[in-house]
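Step one of this worksheet: look at the structure below.
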Amino acid sequence: MRRITASLALLLATAACTNAMSEPPVSTTAPEPMVSPILTGPEALDTLTWAEPQKARVTHVALDLDLDFDAKRVGGSAVLDLLVAKGADRIVLDTNGLEVTRITDTAGRELDWALEELEEAGEKGSPLTVILDGARSIRIDYRAPQDATALQWLSPEQTAGGVHPFLFSQGQAILNRTWIPTQDSPGIRQTWEARITAPKPLDVVMSGVVQGEPEDLGNGRRAFRFVMDKPVPPYLIAIAAGDIDFRAIGPRTGVWAEPSVLPRAYAEVADTEEMVVAAEELYGEYRWGRYDMIVLPPAFPYGGMENPVMTFLTPTFIAGDRSNNGLVAHELAHSWSGNLVTNAVWGDSWLNEGVTTYFENRIVEAVYGKARAEQEAALMYANILETLGEVGDDAPGTALSTDGGYELGSAIAYDKGAFFLRTVERIVGRDRFDAWLQQWFDNHAFQPATSELFYDDMMENLVASDAEAERLMLRKWIFEPGLPGNVAKPDPAAFAAVDGAVAHYADHGMLPEAWSSWTAAEQIRFLDNLPAELTHEQLAALDAALGLSSTGNNEILFLWLEMALENRYEPAVPQAEAFLARVGRAKFVRPLFAVLWNEGEWGRAHATRIYAKTRDSYHSVTRGGVERVMSAE
Ligand code: BES
Ligand code: ZN
């Protein structure tokens, strides 16, 4: 049974905004902003926004903000251009903790507004309703709260340089409403521009194109201007400011970092221009102009964030050998899957993350070869099986299309999502699959998407026959829990040598002599597959032979610490403490506290003591994760 076809759904959405809505605002100075359609079906209903986009939507955001590093607050104004349906008299925006002082139209006339103070608002925050009284552009004067969860203000001690403060933002999924009053829903795309002032000598970067040189304001501050002229979901508006330098990689690629970090950062991402070329060869033109990156201080709570034209990266991926630069391939791939075609609701985040993880693996294959790509795919597959083993094959959260939540880590949205596309690719053949995926990006560029739309598009534009549809098991992959039987398993040869070494260790206690010649993925595979219970003698021997506690690769150090703490290996405690003080990435921090927390009085005492020292340096995302873990009985 086919639902509404992709092209028809799109037409309807476009019709909804051209017929039912008044003309987009006409500006005499700037070209008219490009207005993206919204999706209107029930599966595209975002329950995490207060906005009612069919009645009135934001199409453009103009920010004018001062960064106050003393008060740790951002404040100024936001001018929003609106598209308003006939008969609608108000607009509803998302806010969380914002202190709004005044709302006017562009002529300076005060408008009526109400900011609901909700008791249990939580992350969704509070609706800000503005009575438009004919206005099609409104100006909001406001200040973000000191504890805005999207923003992290770092003291000089939390930076590599130790002299200047630092600021960065993280918008995904619904954090940007803590510093920008707009409709914070991934299906409501907006163009934006910003003027940002910051104290000298800090530089400011954003996920938009910088306009000229910064303007010296003569009061110890400078103003930076940015424009994003392509409509983006508002979670992709991002800012960072600090004592940072830039180094070019290729004609359209480069990297920012604190001066003392820049050489190592540059060396790690030096293949980025090649990756962009490879990505374009796979799925078509890179549409965003430049692809720059910033390597942030270690408090950044994620590995990476795909902010357009300015990917944000953790410094913890730097290993000295580019072995973790699949991260860059991943964030780059989001320039298509996620930033061009965007999940309309967060429950469909596999459309961003799963498609990206597949694309990432194709970039890795193109740039580094099949062997590395197959090893990385095999790690993903093992991750899926491990998670399904833990939660059960029929756990509803293991369907790709969910009703929210990232509870299952990366195994489902990322890895099952990637293996879905890999399976389809193997069944229909790479050429046909690649042509289909490229048309998916092209035909839905700058638009939101849902699981249903993805399914319909495959049925319409890829699947050749009923027999093929049956072989693909599309609906089973997308809407049902577990792993369908047609999954394209990884090549068992990918890790043949390592799996042999694991068996040798398990059976005879033999340590792998080839360890230092192994790839990072091989080392990870070995550590992942060691017996769960190891004696302190075994751990000491492993560490001595393999140099685990002194590895320069944080992914491997993390696995070592995790297995050592799980076995209450005391020498690992100060190592873990040093790691937890140096690294703020939630993926590393949360599980280590969880391991300690699960190790009875011994572990809980260590966890409590360490967290008291490290808590202040963590981002709210990381703190939230740790505190959930440490509140378990
Ligand atoms: N978009 C995500 C980061 C994210 C996910 C932020 C969910 C907020 C909520 C980013 O692209 C990502 O997937 N990062 C991974 C990279 C890894 C899979 C290579 C990370 O941070 O570990
Ligand atoms: Zn991602």
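Predicted model, so just to flag it, every value in this text is computed and none were measured.
- Considering Asn176, Leu67, Val74 as possible partners of Leu151, the one that fulfils the side chain to side chain contact (heavy atoms under 4.5 Å, CB included) test is Val74.
- Using modelled atom types, no side-chain atom of Gln183 and backbone atom of Leu93 make a donor-acceptor pair closer than 3.5 Å.
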Audit row: Val209, Arg290, side-chain contact (heavy atoms from CB on, under 4.5 Å) steps and yes/no
CA-CA 8 Å; Val209 179; Arg290 292 198 57 85; over 6 Å; no
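- At least one side-chain heavy atom of Val328 sits less than 4.5 Å from a side-chain heavy atom of Leu313.
- A donor atom on one side chain and an acceptor atom on the other are found under 3.5 Å apart for Ser323 and Asp321.
- Annotation: Phe168 is not in aromatic contact with Phe312 [ring centroid separation under 6.0 Å not met].
- For the pair Thr314 and Phe317, the tightest heavy-atom approach, listed with the atom from each and the gap, is O-CD2, 2.9 Å.
- In this structure, Trp50 and Leu118 have side chains that are in contact, with non-hydrogen atoms separated by less than 4.5 Å.
- Between Glu99 and Arg143 there is a salt bridge, since at least one side-chain N of the basic residue sits less than 4.0 Å from a carboxylate O of the acidic one.
- For the atom pair OG1 (Thr253) and OH (Tyr286), the distance works out to 9.5 Å, reported to the nearest 0.5 Å.
- Rounding to the nearest 0.5 Å gives a distance of 14.0 Å between CD of Gln170 and CD1 of Ile239.
- For an aromatic pair to be called close, the ring centres must be under 6.0 Å apart, and Phe446 with Trp288 satisfies this.
- Between atom OH of residue Tyr414 and atom CH2 of residue Trp350 there is a gap of 14.5 Å, rounded to the nearest 0.5 Å.
- The distance from the CG atom of Asp616 to the OG atom of Ser155 is 9.5 Å, given to the nearest 0.5 Å.
- Ion pairing between Asp70 and Lys72 fails under the 4.0 Å rule for side-chain N and carboxylate O.
- Using a 4.5 Å heavy-atom threshold, the side chains of Gln190 and Arg57 count as separate.
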Go through the steps to decide whether Arg287 and Asp442 satisfy the test salt bridge (charged side-chain N to carboxylate O under 4.0 Å, His left out), and finish with yes or no.
CA-CA 10 Å; Arg287 303 193 193 211; Asp442 287 343; 2.9 Å; yes
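- In this structure, a donor-acceptor pair under 3.5 Å is absent between the side chains of Asp229 and Thr191.
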Working for side-chain contact (heavy atoms from CB on, under 4.5 Å), residues Leu128 and Val92:
CA-CA 6 Å; Leu128 169 59; Val92 185; over 6 Å; no
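- The side chain to side chain donor-acceptor pair (under 3.5 Å) with Glu193 is formed by just one residue from the set His60, Arg225, Gln211; it is His60.
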side-chain contact (heavy atoms from CB on, under 4.5 Å) between Leu80 and Ile140: does it pass, once the steps are laid out?
CA-CA 8 Å; Leu80 309 180; Ile140 303 169; 3.9 Å; yes
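- Judged purely by atom type and a 3.5 angstrom limit, Ser620 uses its side chain to pair as donor or acceptor with the backbone of Thr149.
- In summary, the side chains of Thr49 and Asp94 do present a donor paired with an acceptor at a separation below 3.5 Å, with no hydrogens or angles considered.
- Cation-pi geometry between Arg247 and Tyr266 is satisfied (NZ or CZ under 6.0 Å from the ring centre, within 45° of the ring normal).
- To the nearest 0.5 Å, atom CG of residue Leu98 and atom CH2 of residue Trp179 are 11.0 Å apart.
- Counting only residues at least two apart or on different chains, the side-chain hydrogen bond (donor to acceptor under 3.5 Å, both in side chains) pairs with a member in residues 575-587 are Thr316-Arg585, Asn554-Arg582, Glu555-Lys587, Trp560-Gln575, Glu577-Arg609, Glu577-Lys613.
- Residues Met310 and Phe226 form no side-chain contact, since every pair of their non-hydrogen atoms from C-beta on lies 4.5 Å or further apart.
- With no hydrogens or angles considered, no side-chain donor-acceptor pair links Thr311 and Glu306 at under 3.5 Å.
- Counting only heavy atoms from C-beta outward, the side chains of Met228 and Lys230 approach each other to under 4.5 Å.
- With contacts defined as side-chain heavy-atom distances shorter than 4.5 Å, the pair Leu332/Thr272 does not qualify.
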Contacts under 3.5 angstrom, residues 254-265 side chains, donor-acceptor by atom type, not counting sequence neighbours:
| from | atom 1 | to | atom 2 | distance (Å) |
| --- | --- | --- | --- | --- |
| Glu258 | OE1 | Ala160 | N | 3.2 |
| Glu258 | OE1 | Gly161 | N | 2.8 |
| Glu258 | OE2 | Ala160 | N | 2.9 |

Please step through side-chain contact (heavy atoms from CB on, under 4.5 Å) for the pair Asn325 and Tyr368, ending with a clear verdict.
CA-CA 11 Å; Asn325 68 355; Tyr368 301 108; 2.7 Å; yes
Evaluate the criterion salt bridge (charged side-chain N to carboxylate O under 4.0 Å, His left out) for residue pair Glu280 and Arg252; output intermediate values, then yes/no.
CA-CA 13 Å; Glu280 286 192 306; Arg252 59 182 156 174; 3.0 Å; yes
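- Looking at Glu627 and Arg615, a side-chain N of the basic residue comes within less than 4.0 Å of a carboxylate O on the acidic one, giving a salt bridge.
- Looking only at side-chain heavy atoms (C-beta outward), Asn339 and Asn307 stay at 4.5 Å or farther from each other.
- Of the N and O atoms on the side chains of Asp66 and Thr197, at least one donor lies less than 3.5 Å from an acceptor on the other residue.
- Proximity of a side-chain donor or acceptor of Thr622 to a complementary backbone N or O of Tyr618 within less than 3.5 Å is not detected.
- The closest donor-acceptor contact from the side chain of Arg177 to the backbone of Asp184 lies under 3.5 Å.
- The shortest side-chain heavy-atom distance between Asp292 and Phe246 falls under the 4.5 Å cut-off.
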Walk me through whether Ser185 and Asp46 qualify under side chain to side chain donor-acceptor pair (under 3.5 Å).
CA-CA 7 Å; Ser185 174; Asp46 179 8; 2.7 Å; yes
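- Between Tyr283 and Trp440, the gap from one ring centroid to the other reaches at least 6.0 Å.
- The closest donor-acceptor contact from the side chain of Ser207 to the backbone of Ala238 lies under 3.5 Å.
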Is there a salt bridge (charged side-chain N to carboxylate O under 4.0 Å, His left out) between Asp216 and Arg221 once you walk through the steps?
CA-CA 6 Å; Asp216 199 320; Arg221 299 179 68 85; over 6 Å; no
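- Closest non-hydrogen pair, Trp336 versus Ala279, comes out as CH2-CB, 3.6 Å.
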Kindly indicate, with the supporting measurements, whether the criterion salt bridge (charged side-chain N to carboxylate O under 4.0 Å, His left out) is fulfilled by Asp141 and Arg139.
CA-CA 7 Å; Asp141 293 336; Arg139 174 189 158 122; 2.9 Å; yes
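- Between the OG1 atom in Thr95 and the NZ atom in Lys124 there is a gap of 12.0 Å [rounded to 0.5 Å].
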Given side chain to side chain donor-acceptor pair (under 3.5 Å), test Glu353 with His330 step by step and report yes or no.
CA-CA 9 Å; Glu353 299 301 345; His330 180 98; 3.2 Å; yes
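- With respect to Glu215 and Arg222, no salt bridge is recorded, no charged nitrogen being found less than 4.0 Å from a carboxylate O.
- Donor-acceptor pairing under 3.5 Å is recorded for the side chains of Asn383 and Ser410.
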